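Below: one structure, written as structure tokens.
Residue indices begin at 1 and follow the sequence shown. Quick caveat, the model's predicted, so the values are computed rather than measured.
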Amino acid sequence: MSTPSSPRPPRPEKPRPKKTHRRRRRNEPAPARRGACPAFLAPMETGDGLILRLVPAEGAISPGQLRGLARAATALGNGMMEITARGSLQVRGLTAETVAPLQDAVLALGITPRLGLAIDISPLSGLDPREVADARPLAQRIQEGAAGLADKLGPKVSVVIDGGGAIGLGGHKADVRLAALRSGAEGMWSVTIGGGAPELLAEKDAAARALDALSQIAALGRRARATDLPGCAAAQGDHGKPLAPLGTFPLADGRFACGIGLPFGAGAANLFAALADAAEAAGSRDLRPATERVLLTTGLDAEGTRAFATEARRLGCLVAPDDPRAFIAACPGAPACICAHFPARDLAPLVAEALAPLLDGTVTVHLSACTKGCAHPAPATLTFVGMDEGIALVHEGAPSGARGPVLPVDALAAKLATLAGTPRLPGETGRGLLARMQKAGLLAGLWLREGNDRPMVKT
């Protein structure tokens, strides 16, 4: 969820023309991560056109607004929309000529986009009876205090404010992380800058500490991050992959929120329109893009919650946390991305089906069509990486650690079915089985084929 309102955005500069797709030559260096995100004012170029990212400033939109956005995505883009792991909406397939009309359509729908510093809070902040503190006032204070730094901070600099409650943000990377803690009668905030040690501060002091850190980052230039600051260079700890907020959540007013997931975070615009219709029919108050590629609808009664979940299931969406697809992150892949070596999102349903016996909540899977790892920057239990010769496997690591051996794309599903069929020891988790196989060399053995006997690496 985003932070409070932003001013009406100026018209952006005209984007650069779309590049044509080409395969990277064997001796070219691996693609570097781009230093920008597909933001509202600066859409990013990729294989299927330009991507525009929209984060509603208030965190919520009405069913009618989502329906209107879906119509605009169909008319002005390629008809594909996404929800990202951090809860942003994306419209794909725009051209230099259709970006401005899409932005105008967003504003005409009454949706105010978040501009400037990215501050993430729970989509249920202020509504969740389980939260330690409402993160919105602190977010407002930091957003206002950082207004003058917007042009000095890099596009990836972010703040995470976790008020506790049903939807945690512990798995999100952040330059500045604030987490609410109960400390006697007065709530306190744990503040962590980059990889530094946490500090326990009152809310006012926590805001001041966050703004001071952001000012220091800005002083180092737009390429700087919090880990460049003195005493903050240590790698941040593994906060773990947050559970997708699927299912029903009670709200403080006695009503409910219902979270459903898009298959691998994406769908045709008409799917988003159908979900808007279902939410409206169920009596929804609003819709909120949420973490882990989830769409929440709020303000439902018990009957409306059941009706919305039933219709979402019929439309092919994820409605339960144990859905195998909830444990798989997949980038768009080819041909949507100019760096991709295989169609990751098309392959994802086959991977989910093949690995379903292992996906018990202890295993995370990442399909990364190149070594950049955009869909899941953190290490995963199993990462399948697109290389020049095929798909490489990384166990307990990130795509950048891929070396080989590799398999042909069309052999992946069969290999994974064999892997998932490996007998487990009593009480052994899916992740435990994979660790045991890796230690015994069996996991790498599955990937060996004639003429391809380089060792598989664990990063």
Side chains of residues 253-267: which donor-acceptor partners sit under 3.5 Å, not counting sequence neighbours?
unit_1	atom_1	unit_2	atom_2	d
Asp253	OD1	Arg255	N	3.0
Asp253	OD2	Arg285	NH1	3.1
Arg255	NE	Gly299	O	2.7
Arg255	NH2	Gly299	O	3.3

### Message
Using the ring pair (Phe, Tyr, Trp, His ring centres under 6.0 Å) criterion, which residues pair with Phe308? Sequence neighbours excluded.
### Response
none
With distance as the sole test, does [X] use its side chain to make a donor-acceptor pair with the main-chain N or O of [Y] at under 3.5 Å?
X: Ser88; Y: Thr84; value: no
X: Arg86; Y: Ala290; value: no
X: Asp134; Y: Ser125; value: no
X: Ser284; Y: Glu280; value: no
X: Thr383; Y: Gly397; value: yes
X: Arg177; Y: Leu169; value: yes
X: Thr362; Y: Thr429; value: no

### Task
Would you mind reporting whether Leu271 and Leu315 have side-chain heavy atoms less than 4.5 Å apart?
yes
### Close side-chain approach of Lys152 to Arg222, heavy-atom, < 4.5 Å
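The answer is no; the side chains never approach within 4.5 Å.
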### Query
Quick one: ring-ring contact (aromatic ring centres under 6.0 Å, His included) pairs with a partner in residues 346-371, sequence neighbours left out?
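Every pair satisfying ring-ring contact (aromatic ring centres under 6.0 Å, His included) with a residue in residues 346-371: His366-His376.
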### Query
Given the rule in the salt bridge (Lys or Arg N to Asp or Glu O under 4.0 Å) test, do Glu303 and Arg306 qualify, once you have shown the distances and angles that lead to the verdict?
CA-CA 5 Å; Glu303 182 178 351; Arg306 287 190 293 270; 5.6 Å; no
### Query
Pick from Arg92, Arg53, Arg293: which one makes a side-chain hydrogen bond (donor to acceptor under 3.5 Å, both in side chains) with Glu82?
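Between Glu82 and the candidates, side-chain hydrogen bond (donor to acceptor under 3.5 Å, both in side chains) is satisfied uniquely by Arg92.
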### Query
When Ser158 is tested against each of Val176, Leu117, Asp175 for side chain to side chain contact (heavy atoms under 4.5 Å, CB included), which residue passes?
Asp175
#### Entry: Check: Ser62/Asp286 side-chain N/O donor and acceptor closer than 3.5 Å
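No, no side-chain donor-acceptor pair sits under 3.5 Å.
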